[in-house]
Amino acid sequence: MSKRFFSFLGLLILLFSAVSAAAQSKSVDPEGHKWWQHAVFYEIYPRSFADSNNDGIGDLKGITEKMSYLHGLGVDAIWISPCFPSPQVDFGYDVSDYENIDPMYGTLADFDRMVEEGKKHAVRIILDFVVNHSSDQHAWFIDSKSSKTAPHRDWYIWRDGKGPGQPPNNWISTFGGSAWKLDPATNQYYYHYFYAQQPDLNWRNPTVEKAMLDTTRWWYKRGVSGFRLDAVDTLFEDPNLPDNPALPGVNKQGDPNTDEIHNKRLPEVHDVLKKLRTAADESDAVLIGETWTSNIDELKAYYGSHDNELQMPMDFMFTTVNKLSPPEFRKQIAALDGAGGWPVYVISNHDITRSYNRYGDGRNNDAIAKLMGAFYLTLRGTPIMYYGEELGMENNDPKRKEDVRDPIGRTGWPNEIGRDGERTPMQWSSDVNAGFSGKDPWLPVPASYKTNNVAVESKDPNSVLSMYRKVLALRHTNEALIEGSYMALNEDDANVMSYLRSYKGKAVLVALNMSASPQKVTFNLADRGFASANLTALVMTPGVSAKGMNVSLEPFGVLIAEVEK
Ligand code: NOJ
Ligand code: CA
């Protein structure tokens, strides 16, 4: 064989090893953890975070200007809800071009500057990839609906009706009405699990799959560190379109309840997630999943059988506890912690009422907000914060139907009031419009912005913000909190949630009084390797005291302490 052949072979081997080395995600510690396992994530709803040009709507330049705030807070990665071109029917979740920025948020050059500024402050950028559907204004759909033989016809899901005026089956859109819309031009129906302006993409078409995978690679090259994948549960439908079984009652939009067995969580979803993961691994990127599961086995499936799908499926079952119940939380944490994957904890987002209102009792909400922060930021796993949670931002729900911006709030009023309340502008200061914008913002801020804002809370060592800053600083430096195992303590206690995070003979104990009365607790860590121990407070609220292993906590009091042998 010729010398030239051997040098060609050598080049191939070199290339192959370079590619596979790039494909291997790097570890950041001796435990083999990856960057996203050490990171704190923070969701930004871009319309509402920071408005650089005073038009009442947040933008990318605004985010760029706040990088130093984010870094100072202890945030390592921001997930930005969709900022791509969009008619904004679902405020960005209806994407009309996957590879651009909506002019209301800026330009691709602004995006690049944001990535650069993020790098300077060690803040990575995660984008929101709306995989299930596009906007009906996307060029793909405009072509798709133009004729039955259009090149993009099969990029979406088109079917004949069952008969005149009858959709193909009984599937219901989660945003109200039938999930099928008749298009008179071709007299066929298209499928939309969400709004009619959000037609579902046909992932059974390999060209669609390729276009979407290419999009992720395009953004990775632009400096993105991962994606939050929107609505993965609904990627596939049974192509035979059987009716879903009926369930009793109606939902908030007045539609009959059905068991969505034929259009949710189909096994094919996992094939796509594996391919998205392969592309992510090439760039050491992370995939976060919007995974609304009803039990731990469904959630487990999203990690993939060989850790080859989502690294970070969000555990929304945690958000459904909705009350300060140590027994309920223990159950949820034990299930997730034992599931084998890396836990991902979330307490708020742009689709659910803020944690401040869900857990607050109306009198001690700031104390409860501090307690909730001290709680989920000290669990084993990666937390995803929601902007303003660190301030104790509350929901500002519309009081009248005519004030509602979110379409589901208008069609479902008053049973469903929509999601405006949890999407109001970030509260930066006590200035007009909470310092968010010189112009009236797209949604009004609540009166509580005067007290719960960055400027005021930065000066108060006992504010919600100060608690978040302290806990976040600790979780970046304390090995037991970064690497340690989770062990529930005093499991019969109905009022105080306590646990130990321990690593290589060192431990941190967390005790959280989830009740409105003072509590005394005693810990015995003899069987956890600490025969005689003392507690040294790392973070605590003012009314806490610890003597030996005896702890007194004021109502909603917090103690995070080092266990000294
Ligand atoms: C989930 C998103 O979080 C929500 O805001 C959106 O309306 C739906 N997916 C549809 O994209
Ligand atoms: Ca703006």
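Below, all heavy atoms of this structure are taken into account, side chains as well, without hydrogens, waters or symmetry copies. Indexing begins at 1, ligand by ligand and atom by atom, following the structure's order.
- Close approach of ligand 1 to R423 is summarised as follows: ligand atoms under 4.0 Å from at least one heavy atom of the residue are 5 (O).
- When the options D397, D90, T353 are evaluated for a side-chain hydrogen bond (donor to acceptor under 3.5 Å, both in side chains) with R419, the one that passes is D90.
- Aromatic ring centres of Y45 and F91 lie farther apart than the 6.0 Å criterion allows.
- Residue contact check: R419 has heavy atoms under 4.0 Å from atoms 4 (C), 5 (O), 6 (C), 7 (O) of ligand 1.
- Residues passing the ring pair (Phe, Tyr, Trp, His ring centres under 6.0 Å) test with W155 are W140, H152, sequence neighbours excluded.
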Under 3.5 Å, which donor-acceptor pairs link side chains of residues 438-449 to any protein atom two or more places apart or in another chain?
from	atom 1	to	atom 2	distance (Å)
W442	NE1	R47	O	3.4
W442	NE1	S48	OG	3.0
S448	OG	E394	OE2	2.6

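- Every atom of ligand 1 with a heavy atom of F175 under 4.0 Å away is listed here by number and element: 7 (O).
- With ligand atoms numbered from 1 in the order given, ligand 1 contributes 10 (C), 11 (O) to contacts under 4.0 Å with heavy atoms of H133.
- With ring centers used as reference points, H138 lies 6.0 Å or more from Y156.
- The Ca ion (ligand 2) has D51 OD1, N53 OD1, D55 OD1, I57 O, D59 OD2 as its protein N, O or S neighbours under 3.0 Å.
- Relative to atom 8 (C) of ligand 1, the option among F194, F91, Y193 with the closest non-hydrogen atom is F194.
- Set against the non-hydrogen atoms of D351, the atoms of ligand 1 under 4.0 Å away are 1 (C), 2 (C), 3 (O), 4 (C), 5 (O).
- The shortest contact between atom 2 (C) of ligand 1 and any protein heavy atom is with D230 OD1, 3.1 Å.
- Under a 4.0 Å criterion applied to the non-hydrogen atoms of D90, ligand 1 contributes the atoms 6 (C), 7 (O), 8 (C), 10 (C), 11 (O).
- Interface of E290 with ligand 1, defined as ligand atoms under 4.0 Å from a residue heavy atom, comprises 1 (C), 3 (O), 9 (N).
- For D255, the salt bridge (charged side-chain N to carboxylate O under 4.0 Å, His left out) test picks out no residue, with sequence neighbours left out.
- Not a single heavy atom of E43 sits closer than 4.0 Å to an atom of ligand 1.
- Y220 does not carry R124 over the face of its six-membered ring by the limits of under 6.0 Å from the centre and within 45° of the normal.
- A salt bridge is absent between D271 and K275; no separation between the charged side-chain nitrogens and carboxylate oxygens falls under 4.0 Å.
- If you number the atoms of ligand 1 from 1 as listed, the ones under 4.0 Å from a heavy atom of H350 come out as 2 (C), 3 (O), 4 (C), 5 (O).
- Taking the six-membered ring for Trp, W428 and Y69 have ring centres closer than 6.0 Å.
- The side-chain contact (heavy atoms from CB on, under 4.5 Å) test with I44 singles out one residue from V75, I78, I126, and that residue is I78.
- No cation-pi contact links R159 to W180, judged by a cut-off of 6.0 Å to the six-membered ring centre and 45° from its axis.
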